Amino acid sequence: MKIAVCISHVPDTATRIKIGSDRKSIDSTGVTYILNPYDEFAIEEALKTKDKLGSDTVVYAISVGGEANKETIRKALAMGVDEGVLLKDDSKRDSFGIAHALSEEIKSLGCEIVFFGKQSVDFDNSITGQLTAEYLGFNCIPVVVDFKLDGNKVIAEREIEGGREVVETEIPVVITAQKGLNEPRYASLKGIMAAKKKSITEKPAAAYSQLTETLEMNLPPSKQPGRILGTDSSAVPELVKLLREEAKVI
Amino acid sequence: MTNKVLSIIEQREGSIKKVSYEAVSVGVSLAKELNLEFEAVVIGSEIEGLSNFGNYGAAKITHLKNTELHNFSSSAYSDLIGNYAKESNASVIILGNTSFGNELAPRIAVKLNSACIVDCVSLTVESGEIIATRPVYAGKALIKSKLNSDIKIFTIRPNVFKAEKISDQNSEIKVEEITNPNLKAKVVAYKKAEGKLDVAEANIIVAGGRGMKGPEHFNLIESLANVLGAAIGASRAVVDAGWRPHSEQVGQTGKTVSPSLYIACGISGAIQHLAGMSSSKYIVAINKDKDAPIFSIADYGIAGDVFDILPALTEEIKKIKS
Ligand SMILES: Cc1cc2nc3c(=O)[nH]c(=O)nc-3n(C[C@H](O)[C@H](O)[C@H](O)COP(=O)(O)OP(=O)(O)OC[C@H]3O[C@@H](n4cnc5c(N)ncnc54)[C@H](O)[C@@H]3O)c2cc1C
C-alpha cells in the first residue's frame with residue numbers, strides 16, 4: 001500500500017501580517033514559516049496507518065511550492081515519513097492548481113490513501129483535499145476526528161456544526177485531518193538526523209491554468225478600541241444598557 | 001447559454017439550516033443585479049418548512065428527493081447538484097460555508113470545470129462581475145478576487161449576510177424523484193452534541209479562558225449563556241487543559257465565528273484567538289488585566305474579576321428578560 005500526506009508550508013500563526021508591494025499578497029520578509037499545524041495530524045495518521053498495515057507500506061510527503069518547502073518536508077521525514085516529494089512552483093497558485101499538481105503526482109505514485117490537514121492556516125480555504133479527491137475520482141471525507149480502515153472499508157467520524165457524522169466509504173480515499181484525530185508524535189533525534197540525509201525528489205508541478213483571479217489584498221479595517229466601563233460588578237447595569245440600547249444585540 | 005443563479009438549501013435531519021435563508025437572499029439579490037433567473041435547490045427526503053423560502057424571494061424550489069438522501073452523502077449530493085446545474089444552465093451557485101457547503105462547493109466546481117471562492121464575507125457586482133471578499137490568514141487580511149470560469153460558485157460565511165424577507169408569497173415546490181443516487185460515501189449515523197448550540201452557528205457566544213481558573217467554574221459561563229440563548233466558546237488554553245471540548249475552541253486552529261455578540265471572559269486575546277472572533281459585530285471583554293490585548297478589539301469592557309462580574313451580569317440580564 002502507498003499512502004500520501006499532502007503538506008503545506010505556512011506563516012507561523014503568531015505572524016503579524018503586512019501587505020506586500022503588489023497589494024495582492026503578504027510581505028514575507030521576516031516571516032517564519034512552519035509546517036501547517038493541521039498537517040501534523042495528517043502525518044501522524046499516515047504513520048499510524050502504516051504501522052497497522054505493515055512495513056511494506058510506503059508513506060510519501062508531498063508539497064507544492066518553492067525551495068523553502070523542503071524544510072517542511074524534512075519535518076515530515078523526521079517524524080517518520082519514508083519519502084519526500086517537492087512539486088516545484090514559485091508562482092502563487094490557487095487551491096485548484098495545487099490540488100491538480102498533487103493529484104497528478106498521487107496518480108503516478110499509485111497512492112490509495114491520501115491524508116491532508118483539514119485547512120492550511122494561510123488561505124484557510126479548506127478545499128484542497130476535496131479538490132484532489134475529485135480530480136482523482138477518489139472518495140473523500142473531510143474534517144475527520146476518528147479514522148478506521150478495515151480491509152477496503154473506511155469508517156470515519158467527522159466534525160460538523162453541532163455534532164459528528166459517521167461516514168462510510170471505501171479506498172481509494174482522501175481524508176482531511178481535524179485536531180483531535182490523534183496526538184502527533186515528536187520527531188526523535190534519530191529521525192531528525194536521518195531526515196537530513198534523505199534526498200527529496202524534485203519535479204515541476206503539473207501545469208494548470210488558473211480560473212481565480214486575485215484583485216487585491218488589504219488589512220481589515222482597524223477597530224476603535226472600546227470603552228472600559230469599570231473595574232467591578234457596579235459597571236454591569238451600564239454594560240447591559242449599552243448592549244440593549246446602543247448595540248441592540250440583546 | 002448560462003442564465004440562472006442557484007442557491008442551495010441545506011437540511012440536516014429534515015430541518016433547514018439557518019444559513020440557507022442567507023444563501024437564498026444573496027442569490028436573489030445577485031440574480032436581480034445580474035438580470036438572471038433565480039431558483040433554489042434542496043436535496044433530501046421529508047423536509048419541513050420549505051415553502052417559507054418564498055418570503056425570501058425564492059418563488060421556485062426544486063426538491064431532489066429520495067428517502068436515501070435523508071442523510072448527507074457527499075458523492076450523491078455533489079453529483080446531483082453538478083448535474084442539476086448543467087441541466088438548468090446555472091451560471092452562479094451559492095452555498096453556505098458550513099461543513100456541507102465547504103465540502104460540496106469544490107467538488108461541484110471540478111465537475112463543472114469551473115472554480116469556487118469559499119467563505120465570502122461580501123459579494124458585490126462591479127461592471128457585471130461578481131467580486132468576492134474573504135478573510136485570509138485567519139482574518140488578519142482580506143482578499144478580493146473574482147472567478148474567470150463560466151460557472152461561478154461561492155460559499156458565504158454564516159451570520160454575515162442578511163436574510164431578508166421581501167415577499168409574502170410561498171414557494172412553489174417542484175419535486176424530482178431521484179433514482180439510484182451515488183452513495184459511494186454516505187453518512188451512516190449522526191451524533192448530535194447533547195442539547196448544545198454550536199459556536200459556528202450562534203448569534204451570541206459567551207467564551208471562557210484560563211482566567212476562569214478551572215473547569216468547575218464554567219457553570220458561570222453556562223448560566224450566562226443560558227439566559228442569553230448563547231453558545232459556549234473557549235480559548236485554546238482551556239481546551240488543551242481538557243476543561244472544554246475542542247468543538248468549542250475559537251481561533252486560528254479552532255472555529256472562526258461572527259456572532260452579533262461575543263463575550264470574552266478571562267481570555268487574554270492572543271493573536272490566534274483574535275483571529276477567530278474579531279469579525280464579531282460586538283465584543284465585550286471581562287478581564288482583570290486592563291492591559292490585556294482583548295480590550296484593544298472590544299467595544300465594551302470591564303477590567304475586573306470574572307467571579308464578581310459574571311454572576312451580576314447573569315442576574316441583570318435575567319431581570320431585563322423577565
Ligand atoms: C499554532 C497555534 C495555534 C493556536 N490557536 C489558537 C486558537 O485557535 N484559539 C486560541 O484561543 N488560542 C490559540 N493559540 C493559543 C494562544 O496563543 C494563547 O495561548 C491562548 O489563546 C491563551 O488562552 P487564554 O486567553 O485563555 O489564556 P491566557 O493567555 O493565560 O489568559 C488568561 C487571561 O485571564 C485573565 N484573568 C485571570 N484571572 C482572571 C479573573 N479572575 N477575572 C478576569 N480575568 C482573569 C488574565 O488577565 C489573562 O488575560 C494558538 C497558539 C499556537 C502556537
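Since the model is a prediction, treat every value here as computed from it, not as a measurement. A note on names: the letters A, B, ... follow the listed sequences, proteins ahead of strands, and every chain is numbered from 1. As a basis for the values below, the full set of heavy atoms in this structure was taken, side chains included, without hydrogen atoms, waters or symmetry mates.
- For a residue to count as touching a neighbouring chain, one of its non-hydrogen atoms must lie under 4.5 Å from one of that chain's; by this rule A/Asp124 touches chain B with backbone and side chain alike.
- You'll find the side chain of B/Phe72 stays beyond 4.5 Å of the side chain of A/Val167, heavy atoms only.
- The shortest heavy-atom contact between A/Phe96 and B/Ser114 is CE2-O, 3.7 Å.
- Looking only at side-chain heavy atoms (C-beta outward), B/Arg12 and A/Ile160 come within less than 4.5 Å of each other.
- Heavy-atom distances place no part of B/Asn182 under 4.5 Å from chain A, backbone and side chain included.
- Residue pairs that meet the ring pair (Phe, Tyr, Trp, His ring centres under 6.0 Å) test with at least one member in residues 149-173 of chain A, sequence neighbours left out, do not exist here.
- When heavy atoms are compared at a cutoff of 4.5 Å, A/Glu246 approaches chain B by way of both its backbone and its side chain.
- Interface residue A/Pro37: only side-chain heavy atoms are found under 4.5 Å from chain B.
- There is no side-chain donor-acceptor pair under 3.5 Å between B/Gln252 and A/Thr13.
- Annotation for B/Leu313 and A/Val240: closest pair CD1-CG2, 3.5 Å, computed over non-hydrogen atoms.
- For the pair A/Tyr38 (side chain) and B/Thr253 (backbone), a donor-acceptor distance under 3.5 Å is present.
- Heavy atoms of A/Gln210 lying under 4.5 Å from chain B are absent altogether.
- For chain A, no part of B/Lys152 is nearby; none of its heavy atoms comes within less than 4.5 Å.
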_Verdict with supporting geometry, B/Glu129 and A/Glu213, side chain to side chain contact (heavy atoms under 4.5 Å, CB included)_ = CA-CA 12 Å; B/Glu129 291 195 289; A/Glu213 184 180 335; over 6 Å; no
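- Listed here is the closest heavy atom pair of A/Val249 and B/Ser260: CG1-O, 3.7 Å.
- Note: A/Leu242 leads A/Val143, A/Leu219, A/Leu242 in heavy-atom pairs under 4.5 Å with chain B.
- The CG atom of B/Asn102 sits 8.5 Å away from the CD atom of A/Gln119 when rounded to the nearest 0.5 Å.
- Between B/Lys17 and A/Glu161, none of the side-chain N atoms (NZ, or NE/NH1/NH2) sits under 4.0 Å from a carboxylate O, so this pair counts as no salt bridge.
- Annotation: maximal heavy-atom pairing with chain B below 4.5 Å, among A/Gly163, A/Ser222, A/Gly129, occurs at A/Gly163.
- The minimum heavy-atom distance linking B/Cys116 with A/Ile127 is given by the pair SG-CD1, 4.1 Å.
- Neither the backbone nor the side chain of A/Ile155 comes within contact range of chain B, judged by heavy atoms closer than 4.5 Å.
- Once rounded to the nearest 0.5 Å, the distance linking CZ of A/Arg164 with OG of B/Ser99 reads 13.0 Å.
- Between B/Tyr137 and the options A/Thr15, A/Asp122, A/Val10, a side-chain contact (heavy atoms from CB on, under 4.5 Å) holds for only A/Asp122.
- Residues A/Asn125 and B/Arg134 are in side-chain contact: their nearest non-hydrogen atoms beyond the backbone lie under 4.5 Å apart.
- Within the 3.5 Å criterion, the main-chain N or O of B/Lys184 finds a donor-acceptor partner in the side chain of A/Thr169.
- For the pair B/Ile309 and A/Ser233, the tightest heavy-atom approach, listed with the atom from each and the gap, is CG1-N, 3.9 Å.
- B/Leu274 pairs by the side chain to side chain contact (heavy atoms under 4.5 Å, CB included) definition with B/Met277, B/Ile294, B/Ile297, not counting sequence neighbours.
- The line from OH of B/Tyr300 to CG of A/Leu243 is 6.5 Å long, rounded to the nearest 0.5 Å.
- Counting heavy atoms from C-beta on, the side chains of B/Ile320 and A/Ile250 come closer than 4.5 Å.
- In plain terms, the two heavy atoms of B/Pro106 and A/Gln130 that are nearest each other are CG-CB, 3.8 Å.
- Enclosure of atom NZ in B/Lys140 by more than 12 non-hydrogen atoms of other residues, nucleotides or ligands within 6.0 angstrom is indicated.
- Although no hydrogens or angles enter the test, the distance criterion places no donor-acceptor pair under 3.5 Å between the side chain of A/Asn218 and the main chain of B/Leu142.
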